[in-house]
> 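Quick one: structure below, then a few questions.
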Amino acid sequence: VDKVAELVELRLLNAIFDSLSDADADAFAEILQTDESSARSKAFIEAHVPNFAALLEKEVLGCKGELMAILEDMRAHEE
């Protein structure tokens with residue numbers, strides 16, 4: 001479960017960076033590297049990533065689909 005959460009987080013961060021301008025991406029990277037708390041990164045996302053909920057949903061559903069495909073493949077090989 002932790003690995004799945006890490007995968008979703010990594011994909012979500014990539015999607016966030018892809019949605020930002022170069023200057024905003026640099027600012028966000030600095031926040032992630034220097035801020036121990038999540039308050040600044042959360043505030044940044046709220047201000048600069050208006051479609052955050054849609055990005056999160058896309059990445060969660062994408063991972064879910066991939067996991068379901070793996071599970072189906074495993075089940076097919078059991079038969």
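Position 1 is the first residue of the sequence; numbering continues from there. For the numbers below, each heavy atom of this structure counts, side chains included, while hydrogens, waters and symmetry mates do not.
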> Quick check for you: to the nearest 0.5 Å, what is the distance between Arg11 atom CZ and Leu7 atom CG?
4.5 Å
> Once you round to the nearest 0.5 Å, how far does CG of Asp18 lie from CG of Leu55?
9.0 Å
> What closest approach, in Å, do Phe17 and Ala25 show between heavy atoms, and which atom pair accounts for it?
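Here Phe17 and Ala25 meet closest at CE2-O, 3.3 Å.
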> Under a 4.0 Å N-O cut-off, is there an ion pair linking Glu59 with Lys64?
no
> Mind checking the CG-NE2 spacing from Asp24 to His48? Nearest 0.5 Å is all I need.
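Rounded to the nearest 0.5 Å, the CG-NE2 separation comes to 5.0 Å.
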> From Phe52 CZ over to Glu57 CD, what is the distance, rounded to the nearest 0.5 angstrom?
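Answer for the CZ-CD pair, Phe52 versus Glu57, is 12.0 Å.
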> Could you give me the CA-CA distance, side-chain angles and deciding distance for Leu20 and Phe44, then say whether side chain to side chain contact (heavy atoms under 4.5 Å, CB included) is met?
CA-CA 11 Å; Leu20 296 172; Phe44 184 93; 3.9 Å; yes
> Return the CD1 to CG distance between Ile16 and Leu32, rounded to the nearest 0.5 Å.
8.0 Å
> At what distance, to the nearest 0.5 angstrom, does NZ of Lys58 lie from SG of Cys63?
11.0 Å
> Name the one of Val8, Val4, Leu12 that satisfies side chain to side chain contact (heavy atoms under 4.5 Å, CB included) with Val60?
Val8
> A quick test of your reading: do over 12 heavy atoms of other residues, nucleotides or ligands sit less than 6.0 Å from CG of Asp73?
yes
